[in-house]
Amino acid sequence: MPQTWYVTFEVHKRGTLPKRRSPRETRTFESEADARTFAREKFNEGLIVFAGTLNPFLPRRLIPSSEISSWIEQGQGEEVAGHEAKRDPEK
């Protein structure tokens with residue numbers, strides 16, 4: 001399955017290099033759920049996080065840092081609903 005989502009997050013300076021080239025790091029993911037889980041981990045560490053879809057994946061989505069917390073919460077609601085449906089197949 002191709003990588004369709006990315007999460008970019010700030011990297012703390014560790015003092016090992018005299019000057020970092022980029023204060024951010026990006027990881028790619030196959031699904032929005034995987035990206036959301038990783039973004040939640042970085043957000044909970046207090047880091048600034050951005051996410052979105054990679055080209056040429058459509059529809060294009062960009063989740064700026066100001067909307068990350070609501071995007072993460074939206075995913076938690078979907079995960080809970082999915083787990084409940086799996087437990088009770090009659091629903």
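Please read these numbers as outputs of a predicted model, since none were measured by experiment. Start at 1 with the first residue, then count along the sequence. Values below: all heavy atoms of this structure, side chains included; hydrogens, waters and symmetry mates excluded.
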request  = Apply side-chain hydrogen bond (donor to acceptor under 3.5 Å, both in side chains) to Thr26 and list each qualifying residue two or more places apart in sequence or on a separate chain.
outcome  =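 Thr8.
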Quick check for you: to the nearest 0.5 Å, what is the distance between Ile68 atom CD1 and Glu73 atom CD?
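CD of Glu73 is found 11.5 Å from CD1 of Ile68.
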| field | Ser69 OG to Phe43 CZ distance, which is reported to the nearest 0.5 Å | value |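 Going from the OG atom of Ser69 to the CZ atom of Phe43 covers 4.5 Å.
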Contacts under 3.5 angstrom, residues 48-61 side chains, donor-acceptor by atom type, not counting sequence neighbours:
| residue | atom | partner | partner atom | Å |
| --- | --- | --- | --- | --- |
| Thr53 | OG1 | Arg61 | N | 2.9 |
| Asn55 | OD1 | Arg60 | NH1 | 2.9 |
| Arg61 | NH1 | Glu32 | OE2 | 3.2 |

**Residue pair Ala35 / Trp71: nearest heavy atoms and the distance that separates them** =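 Residues Ala35 and Trp71, closest heavy atoms: C-CH2, 4.0 Å.
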When you look at Phe9 and Arg24, which way does the side chain to side chain contact (heavy atoms under 4.5 Å, CB included) test go after all the steps? CA-CA 5 Å; Phe9 57 98; Arg24 288 179 261 163; over 6 Å; no
- Query: Tell me, do Glu10 and Glu25 make a side-chain contact under 4.5 Å, heavy atoms counted?
  - Reply: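 Answer no - side chains too far apart.
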Taking the six-membered ring for Trp and the single ring otherwise, decide whether the centroids of Phe38 and Phe29 are under 6.0 Å apart.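 That pair passes the under 6.0 Å test.
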Looking only at side chains, do Thr37 and Asp34 share a donor and an acceptor under 3.5 Å apart?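 There is no such pair (donor and acceptor under 3.5 Å, judged by atom type) between the side chains of Thr37 and Asp34.
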